[in-house]
Structures are given as C-alpha cells and as structure tokens.
Amino acid sequence: MGATPLVELQRLVPGVGFQIFAKLESFNPGGSIKDRVAYSMLAPLIDSGRLVPGHSVVVESSSGNLGIGLALVCRYFGLRFICVVDALTTMQNLAVLRAFGAEVDLVTTLDPKTQSYLPTRLDRVQELCAQVPDAYWPNQYANPLNAQAHETTMDEIVSALDHDLDYLFCATSSCGTLHGCARYVRERGLSTTIVAVDALGSAIFGQARARRLIPGHGASIRPALFADGLADEIVHVSDLECVHGCRRLVRDESILAGGSSGAIVAALLRKAPHIADGARCVLILADRGDRYLDTIYDDEWVVENFGVDAALLLSDSRTEEYGAGFTGE
C-alpha cells in the first residue's frame with residue numbers, strides 16, 4: 001500500500017515550459033488514495049488492541065472509495081464492517097463493497113437543510129454505533145490519522161522529485177489530503193504552493209451549497225479537518241469541467257481516472273497560463289476511472305445531464321480545449 005508511481009505527463013498541456021507529474025493513487029490495492037486512509041485509521045488501533053479481529057465492528061459513512069478501502073482492510077484483519085451508503089452510490093461500488101464482505105446500510109432520505117445525504121449518513125452511523133456492540137466509528141472527517149496518512153503521500157512525492165516541487169494540486173473532500181500535505185510542506189519549510197481543488201456547490205470554502213453530480217471532491221458540510229490557511233490557492237470546478245478533464249487525461253495520456261482527477265486537470269488548465277517556465281507541478285490523481293464508466297465516460301449520461309452539445313464536444317478526440325467549440329466536421 002502506498003509507494004504509488006509518479007509519472008510525467010508530457011502531452012496534457014503541450015507547449016508549456018513547466019513539468020507536470022501525476023501521482024497515480026489508482027495503484028493502491030483497492031484502487032484509490034483512500035486505501036492509505038483506511039489503513040492509517042485502523043492499523044494503530046489493531047496493534048494496540050483497541051480493535052479486536054472477530055469481535056470489533058467498524059462503522060463508517062462512505063459512498064465510494066473510503067468504504068472500499070475500509071472493506072479491504074477489515075477483510076484482511078478479520079473485522080466486521082458496516083458501510084453506510086446513500087442512494088447515489090453506484091451499483092459497481094456496492095458490488096465491490098459486498099465482494100469484500102462489507103455489510104451495506106442504505107440511507108435514502110436527504111437532509112432537509114443541506115439537501116444532501118451526508119448529514120443523514122452521519123446520523124445513521126451514530127445510530128448504528130449506539131445499537132451495535134463493540135462498534136467503532138473511524139470518522140474520516142475529523143480523524144487526524146486521515147491527514148497523517150498523506151504526510152507519507154507527500155514524502156513520496158518530494159523524495160521522487162528531490163524536494164523540487166513548486167505546485168501541488170489536490171482535491172478536497174474530507175480535507176485529509178489537503179491537511180496532511182499542507183502540514184508536511186509547512187513543517188519542512190518547502191516553497192510548494194498548495195492548490196486546493198473543490199467542486200462548485202461545495203461548502204468547504206464557504207460557497208453556497210448546490211447540487212453536485214460527481215463524487216470524490218467537495219462536501220455539503222465543512223469537515224472538522226478543514227483549517228483556514230491550508231490552501232495557498234483554491235480552484236472551484238464544475239461537473240462538466242470534471243468530465244472534460246477525465247476525458248482529456250484518457251485522450252492525451254491514456255490514463256483512465258476518476259471524477260476528482262478530472263477536476264484537478266481542469267484546475268491545472270485554468271492555472272497553466274500563470275505557471276512560470278521551469279516549474280514542477282504534481283497532480284494527485286485519487287482513483288481510477290472504471291467506477292465512472294456509467295457516468296463520466298458515458299455519452300448518454302453526459303447528454304442527460306449537460307445536453308447534446310456537451311456530449312459532442314467531449315467525445316470528439318480532436319477538440320483541443322474545453323469551451324473552444326465543436327467543429328462538427
């Protein structure tokens with residue numbers, strides 16, 4: 001787990017004078033960066049005896065990658081795992097969770113205040129912890145071990161680049177990646193600019209909440225791991241920009257990545273004109289795209305949610321830039 005590849009992206013933004021590298025977290029055993037978090041939050045408690053294989057029960061809220069990471073770790077160590085999911089969780093993610101032996105608890109009621117599922121999922125976690133003997137809630141949204149896991153991620157990156165890193169782009173959700181990477185940079189006095197990539201409609205950085213289609217980045221409530229000043233710059237990205245970013249990664253670099261990776265690509269494209277020649281940039285690509293084949297990579301889904309013109313633009317491999325217009329040739 002960890003020690004994932006760092007690869008240079010030479011085709012993504014042609015003609016620029018700076019370097020772009022991708023940290024491919026899809027190479028973790030469960031397919032995402034959340035494997036690091038799952039292991040980091042559970043392993044110390046197993047070692048200390050706080051969690052006992054065959055006895056303790058882990059209960060957590062997740063609609064995707066963290067749930068799969070926890071299911072993987074719990075299966076390996078012999079812990080029962082209950083994953084609280086919601087109606088937006090994909091059938092593929094549910095199938096993966098069950099394949100690892102997780103028990104799936106489905107929430108179908110939206111929180112009336114935020115019009116999202118996250119608060120009701122968290123309420124259900126509390127109910128289960130009160131009902132199930134020997135239950136433990138890792139609480140990824142507040143657990144410092146979440147952030148600590150990403151100090152290792154950051155150490156891998158800067159070590160591979162011999163501590164020469166000018167920009168780090170990372171998606172925000174629980175804020176564990178942002179918190180851990182930023183703390184690593186500040187404690188070591190590095191000059192790296194931390195760019196936090198958030199979703200339009202996410203409440204993390206104080207935006208008004210709005211409906212979001214693509215999971216993996218953004219949140220309807222501000223996580224406890226959030227702190228002012230963690231990010232040097234913040235870029236908010238729309239769902240359609242995420243789709244474009246994902247498809248551009250496939251077109252230009254043959255990397256099939258998930259929604260938050262598309263958001264990061266979109267943020268890089270927006271920042272590119274302002275990045276100096278000679279700079280080194282790293283994009284943390286959190287997961288792989290096979291869990292998004294029915295959404296981001298499906299033209300019918302794009303048409304349904306964004307209109308016919310968007311689907312034509314995004315599916316045309318000749319289109320150089322999002323927003324440049326579809327030629328119709």
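Below, each value reflects all heavy atoms present in this structure, side chains not excepted, and no hydrogens, waters or symmetry copies. Just so it is clear, the model here is predicted, and its values are computed rather than measured.
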Backbone N/O of Ala257 and side chain of Ser261: donor-acceptor pair under 3.5 Å: no
Heavy-atom side-chain contact between Glu103 and Leu97 under 4.5 Å: no
Sidechain-backbone polar pair: Asp162 side chain, Asp164 backbone, donor-acceptor under 3.5 Å: no
Shared hydrophobic cluster for Ile264 and Leu9 (ILVMFWY, side-chain gaps under 4.5 Å): yes
Flag if over 12 foreign heavy atoms under 6.0 Å of CZ, Arg270: yes
Least distance between heavy atoms, Glu253 atom then Gln10 atom: OE2-N, 3.2 Å
Side chain Gln92, main chain Tyr292, donor-acceptor under 3.5 Å: no
same_hphob_cluster(Tyr76, Leu66) at 4.5 Å side-chain heavy-atom cutoff: yes
CG/Asp294: more than 12 non-hydrogen atoms of other groups inside 6.0 Å: no
Closest heavy-atom pair and its distance - Val237, Val197: CG2-CG1, 3.8 Å
Short side-chain to backbone donor-acceptor contact, Arg98 and Asn93, under 3.5 Å: no
For the student: nearest non-hydrogen atoms of Val85 and Arg121, plus distance: C-CD, 3.7 Å
Over 12 foreign heavy atoms within 6.0 Å of CZ, Phe18: yes
Residue pair Val265 / Cys246, side-chain heavy-atom distance below 4.5 Å: no
Criterion salt bridge (charged side-chain N to carboxylate O under 4.0 Å, His left out) on Glu156 and Arg36, from CA distance to verdict: CA-CA 13 Å; Glu156 292 174 13; Arg36 295 178 186 261; 2.8 Å; yes
Ile82-Val73 co-clustered via ILVMFWY side chain contacts under 4.5 Å: no
Polar side chain donor-acceptor pair, Asn146 to Ser174, under 3.5 angstrom: yes
Check ion pair Asp299-Arg247 (N to O, under 4.0 angstrom): yes
Side-chain donor or acceptor of Arg209 paired with backbone N/O of Thr114 under 3.5 Å: no
Taking every non-hydrogen atom, the tightest pair across Ala196 and Ala231: CB-CB, 3.6 Å
Straight-line distance of Ser238 OG to Leu200 CG, nearest 0.5 Å: 6.0 Å
Asp232 side-chain N/O to Ile194 backbone N/O, donor-acceptor pair under 3.5 Å: yes
Sidechain-backbone polar pair: Asp287 side chain, Gly31 backbone, donor-acceptor under 3.5 Å: no
Trp301 backbone acceptor or donor facing Asn305 side chain under 3.5 Å: yes
Euclidean distance, Leu12 CG relative to Leu283 CG, rounded to 0.5 Å: 7.0 Å
Trp137 vs Cys129 side-chain heavy atoms within contact, under 4.5 Å: yes
Main-chain N/O of His217 paired with Arg212 side-chain donor or acceptor, under 3.5 Å: yes
pair Leu225-Tyr141: side-chain heavy atoms closer than 4.5 Å: no
Asn28 side chain to Glu25 side chain, donor-acceptor N/O pair below 3.5 angstrom: yes
Spacing of Ile284 atom CD1 and Ile157 atom CD1 [to the nearest 0.5 Å]: 4.0 Å
Any side-chain donor near an acceptor of the partner, Ser26 and Arg288, under 3.5 Å: no
For Gly67 against Phe81, the heavy-atom pair lying closest together: O-CE2, 3.4 Å
Cys281 side chain near Phe21 side chain, heavy-atom distance below 4.5 Å: no
Val16 reachable from Tyr167 in the ILVMFWY side-chain graph, under 4.5 Å edges: yes
Flag side-chain contact, heavy atom, 4.5 Å: Asp86 against Thr89: yes
Interatomic spacing from SG in Cys170 to NZ in Lys23 - rounded to 0.5 Å: 14.0 Å
Salt bridge present between Asp239 and Arg211 (N-O < 4.0 angstrom): no
N/O donor-acceptor pair under 3.5 Å between Gln126 side chain and Asp123 backbone: no
Any Leu213 side-chain heavy atom under 4.5 Å of Leu88 side chain: no
Within 6.0 Å of CZ in Arg11, more than 12 heavy atoms from elsewhere: no
Pairwise distance NE2(His179) to CG(Leu230) - rounded to 0.5 angstrom: 5.5 Å
Within-4.5 Å side-chain heavy-atom neighbours: Val250 and Ile255: no
Polar side chain donor-acceptor pair, Ser202 to Asp198, under 3.5 angstrom: yes
ILVMFWY network linking Ile46 to Met1, side-chain heavy atoms under 4.5 angstrom: yes
Test ring pair (Phe, Tyr, Trp, His ring centres under 6.0 Å) applied to Phe226 - qualifying residues, sequence neighbours left out: Phe205
Nearest non-hydrogen partners of Pro223 and Cys175, listed with the distance: CG-SG, 4.2 Å
Test applied, side chain to side chain donor-acceptor pair (under 3.5 Å); reference residue, Tyr184; option that passes from Thr152, Thr192, Asp155, Thr153: Asp155
Criterion salt bridge (charged side-chain N to carboxylate O under 4.0 Å, His left out) on Glu233 and Lys271, from CA distance to verdict: CA-CA 10 Å; Glu233 300 181 20; Lys271 282 284 300 174; 2.6 Å; yes
Full working for side chain to side chain contact (heavy atoms under 4.5 Å, CB included) between Cys181 and Leu168: CA-CA 9 Å; Cys181 292; Leu168 180 80; 3.7 Å; yes
Over 12 foreign heavy atoms within 6.0 Å of CZ, Phe169: yes
Residue pair Gln19 / Arg280, side-chain donor-acceptor N/O under 3.5 Å: yes
From Leu122 atom CG to Ser61 atom OG, the distance as rounded to the nearest 0.5 Å: 5.0 Å
